[in-house]
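Every value quoted in this text rests on a predicted model; they were computed, and no experiment measured them. Quick note on labels: first sequence line is chain A, next is B, and so on, each numbered from 1.
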2 protein chains.
Amino acid sequence: MSQRQPLPITANLAQKPVRTTLKTLANHLELSPTTVSFVISGSPFAETIAKSTRERIWAAAEKLNYRPNVFARYLHTKRTYSVAVLVPDVGDEYSAALIGGIESCLTKKGFFYFVVSHRGAPDLLRMSPDTLLDRGVEGMIFINTPLNRALPVPIVAICDITEGPGITRIKIDNGKAATLAVDHLLKLGHREIAVIKGPQGNGDTDDRWKQLCKACAKHGIKIHPENTVHLGIYPACNEKTMAENGYTAAQKLLARKRAFTALVAFNDASAIGAIRALSDAGLRVPDDVSVIGFDDIPQSSFTVPRLTTIRQPLSSMGELAANTLLEKISGNYGGPKLLKIQPQLVVRETTAVCHQPPLNLIAGKSAARSR
Amino acid sequence: MSQRQPLPITANLAQKPVRTTLKTLANHLELSPTTVSFVISGSPFAETIAKSTRERIWAAAEKLNYRPNVFARYLHTKRTYSVAVLVPDVGDEYSAALIGGIESCLTKKGFFYFVVSHRGAPDLLRMSPDTLLDRGVEGMIFINTPLNRALPVPIVAICDITEGPGITRIKIDNGKAATLAVDHLLKLGHREIAVIKGPQGNGDTDDRWKQLCKACAKHGIKIHPENTVHLGIYPACNEKTMAENGYTAAQKLLARKRAFTALVAFNDASAIGAIRALSDAGLRVPDDVSVIGFDDIPQSSFTVPRLTTIRQPLSSMGELAANTLLEKISGNYGGPKLLKIQPQLVVRETTAVCHQPPLNLIAGKSAARSR
DNA sequence: GTTGTCGAGAAAAACGTTTTAGTTGCCCTG
DNA sequence: CAGGGCAACTAAAACGTTTTTCTCGACAAC
């Protein structure tokens with residue numbers, strides 16, 4: 001990396017204004033740096049300084065616009081009041097919503113955060129924790145990001161591909177979520193359910209799929225292998241948007257010509273893509289196929305038709321993650337290793353009563369679909 | 001802020017592993033810290049150290065896993081290789097897309113970044129630049145964020161509510177964008193055009209509106225005041241999603257009962273909300289009303305019907321912003337003060353030929369709409 | 001009148017680097 | 001054989017704080 005060049009000749013940027021240092025301030029006050037440091041840093045020794053002197057110091061600090069140098073301070077305190085957030089991609093709405101929640105908590109507590117989007121890149125994944133540690137982060141939040149070693153700072157993970165000692169995990173209760181989705185669909189009369197699984201490598205993919213099967217099995221329903229697709233493999237699938245992946249996934253499903261009357265998508269974005277694919281194939285949602293998503297992203301209540309979905313309270317989950325991390329950092333965390341978040345069924349317009357002929361007639365419908 | 005407590009009794013976190021320092025490394029090598037520093041930091045003086053010694057040093061650094069303390073180093077170099085990104089809200093897709101582009105550039109160059117979402121809060125807006133400066137950021141990117149003073153670091157602004165000396169601005173060519181939108185609509189035969197203006201306080205709102213009027217005027221068309229609404233006022237409008245704001249904006253428009261056959265929305269998210277409101281009012285898009293958005297967010301190509309929009313290359317704009325900032329930081333920026341980005345018309349399915357009766361008959365239609 | 005204590009503050013070391021200004025030994029030159 | 005020049009390294013100051021240890025005077029106690 002090149003050394004800093006003299007700055008451009010833009011008048012006001014030509015030379016940096018000198019920051020007031022502790023020494024300057026002390027000289028100006030005719031006090032020792034020690035004394036000034038005591039009061040400015042809020043050290044317990046500040047008590048031993050006369051009240052009048054303390055006031056003089058604060059006044060002068062204000063006047064000279066003194067701002068302590070965070071880096072010099074770090075050398076002693078080892079504190080940075082910053083954390084890191086590791087995420088597959090800042091850009092997608094799932095991560096963005098979580099980060100929003102995280103930030104709102106951190107800001108309240110005076111913490112800053114670095115974001116690293118690894119986009120599945122193995123070297124970033126390997127090196128990021130260390131470079132972040134170099135920058136003094138006091139903890140990390142792993143969103144859907146793998147890890148398999150110990151780190152010298154507290155960690156909170158959203159999803160369970162993050163492994164290492166002492167991790168606190170926050171995840172949606174996929175069992176409950178699956179039950180909610182499946183029961184809703186069954187109650188509407190659906191029996192042939194197709195599933196768009198998440199991308200391979202995503203923390204929720206396997207668990208959610210397993211729970212979906214379990215919820216179906218409870219009612220004697222099986223999801224036919226031909227009626228399942230996945231959204232791709234990390235990191236390749238990251239090059240396309242979720243909606244795009246959902247679109248092609250639904251197309252694959254249709255190409256198989258095996259009938260289904262309901263579709264459970266891995267998340268709302270892929271559900272939106274899938275609905276588009278169904279429409280393009282001449283199928284109506286929900287008349288021909290019911291579709292249910294996961295997440296409840298902001299758009300979901302405004303699509304045409306409005307998306308039925310299993311809501312994850314992403315913003316609250318982010319806040320909880322940040323709060324938990326901060327408690328762990330201060331050593332006050334007494335909660336469990338796993339925090340399960342309860343999802344919620346939001347019925348809107350993409351699911352409806354199944355009007356399809358009973359199972360044995362479905363072959364005909366399936367053929368009709370192939371036009 | 002409380003002092004760091006002894007960490008919880010989680011076996012592996014109980015005591016932090018000691019990091020190798022320069023002194024330890026030097027002792028181990030039986031060399032002076034100076035020598036080791038020269039070669040590790042890539043100082044020009046490293047040349048004066050025997051090649052064999054240099055290799056010994058690197059080997060030992062590797063073996064002892066030496067990682068220079070960034071904070072100690074800062075005291076001399078004044079460099080942090082970090083910047084700040086200020087944004088109304090990390091969560092919305094516009095900002096998220098820009099940040100994605102910014103990050104991808106920064107990561108390539110080894111820079112880290114802090115994000116601050118101000119959500120329009122005046123005190124955050126006022127104090128953030130200083131706290132960020134305290135943390136040593138070498139530059140800042142203001143996305144749709146106001147400023148009105150000089151800062152001692154280079155600034156790149158996306159949108160023009162950011163003011164101060166020496167700022168480099170990146171913005172979409174709203175003139176071109178407006179022409180693209182208006183010409184497309186006029187060519188389809190639309191004459192009564194409604195507009196959902198951006199939120200008051202957004203950097204593009206006024207410019208885009210003015211350009212829209214201008215583009216219409218060129219063809220002798222006037223946008224009737226009754227056919228305009230805005231998306232709210234910062235920061236209040238931030239409490240709802242853009243889609244939601246778009247929904248209520250469109251409802252207001254309909255309530256006025258003044259006919260329009262085409263609607264230009266401030267962005268895609270509000271367009272999606274508006275389309276929902278039109279549907280709810282029994283109007284078909286595009287048969288009854290054509291709708292055109294701005295941005296081209298990922299969902300736009302998958303909505304039903306697919307959204308016609310004016311694309312802003314958000315990710316590239318983010319990359320450009322980061323690149324420009326980095327050049328300014330290194331003092332190599334020779335480009336202009338304003339970089340205008342060319343938008344692009346993406347015709348999809350929400351715009352169609354105007355089938356409405358000519359102007360003088362429109363009153364009837366308007367009445368029909370009011371059911 | 002020595003000792004102790006207390007209030008108010010300061011000197012100096014420490015944190016982990018970079019940087020400036022040397023030092024040391026060796027060879028070469030005249 | 002004094003001196004200059006060079007290669008290879010080092011001592012010490014500096015960066016801007018915090019923290020530990022110390023000083024100094026006043027006053028009280030015995």
Side-chain angles (χ1 to χ4, degrees), chain A residues 1-4 16-58 60-61 64-81 133-136, chain B residues 1 3-4 16-57 60-61 64-81 133-136:
Chain A
M1 217 89 5
S2 68
Q3 287 299 97
R4 180 192 289 283
K16 304 223 160 196
V18 273
R19 279 175 82 106
T20 309
T21 75
L22 191 65
K23 215 196 287 183
T24 322
L25 182 58
N27 282 343
H28 177 258
L29 280 161
E30 300 188 311
L31 286 170
S32 76
T34 311
T35 307
V36 181
S37 171
F38 281 162
V39 358
I40 298 278
S41 67
S43 141
F45 288 89
E47 303 291 302
T48 75
I49 308 297
K51 181 133 184 274
S52 61
T53 310
R54 293 208 294 261
E55 283 162 359
R56 268 181 67 220
I57 292 176
W58 281 117
L64 299 192
N65 189 28
Y66 171 68
R67 311 202 120 234
N69 182 315
V70 182
F71 294 83
R73 184 174 269 184
Y74 170 87
L75 288 185
H76 290 268
T77 62
K78 302 292 171 197
R79 297 221 55 178
T80 60
Y81 300 100
L133 252 15
D134 286 349
R135 283 167 184 261
Chain B
M1 217 90 7
Q3 287 297 98
R4 179 193 291 284
K16 302 223 160 197
V18 274
R19 276 175 83 108
T20 308
T21 76
L22 191 65
K23 214 195 287 182
T24 321
L25 183 58
N27 283 343
H28 178 258
L29 281 161
E30 300 189 311
L31 286 170
S32 76
T34 310
T35 307
V36 181
S37 171
F38 280 162
V39 358
I40 297 280
S41 68
S43 142
F45 288 90
E47 303 290 303
T48 75
I49 308 299
K51 181 134 185 272
S52 60
T53 310
R54 293 209 295 261
E55 282 163 358
R56 268 179 67 220
I57 291 177
L64 299 192
N65 189 29
Y66 171 67
R67 310 200 122 236
N69 182 314
V70 184
F71 295 83
R73 183 174 270 182
Y74 169 86
L75 253 22
H76 290 268
T77 62
K78 302 289 171 198
R79 297 221 54 180
T80 60
Y81 300 101
L133 251 16
D134 286 349
R135 283 166 185 261

DNA chain C nearest-nucleotide lookup for A:T34 and B:P68: closer to the 5′ end is A:T34
Side-chain donor/acceptor of B:R54 to backbone N/O of B:I49, under 3.5 Å: yes
By nearest-heavy-atom nucleotide on DNA chain D, the more 5' of A:F45 and B:K51 is B:K51
Strictly below 4.0 Å: does A:T53 bring a side-chain N or O up to OP1 or OP2 of C:dG9? yes
Using atom CG of B:N69 as one end and atom C1' of D:dC15 as the other, report the distance to the nearest whole Å. 13 Å
Under-4.0 Å side-chain N/O to phosphate OP1/OP2 contact, A:T48 with C:dG7: no
Under the 3.5 angstrom rule, does the side chain of B:R56 hit a backbone N or O of B:L29 as a donor-acceptor pair? yes
Short side-chain N/O contact to D:dT18 OP1/OP2 from A:S37, under 4.0 Å: yes
Given D:dT17, is OP1 or OP2 found less than 4.0 Å from the side-chain N or O atoms of B:Y74? no
Pull out every residue in residues 18-27 of chain B that has a heavy atom closer than 4.0 Å to any atom of DNA chain C, ordered by number, or say none. B:T21, B:L22
What about A:H76, does its side chain sit under 3.5 Å from the base of D:dT19 through a donor-acceptor pair? no
Both B:L75 and B:I49 contact DNA chain D. Which one's nearest nucleotide lies toward the 5' end? B:I49
How long is the span from the OH atom in B:Y74 to the CG atom in A:L75, to the nearest 0.5 Å? 12.0 Å
Rounded to the nearest angstrom, tell me the gap between atom CZ in B:F38 and atom P in C:dT19. 9 Å
Using the side chain to side chain donor-acceptor pair (under 3.5 Å) rule, collect all pairs that involve residues 27-40 of chain A, keeping only residues at least two apart or in two chains. A:S32-A:T35
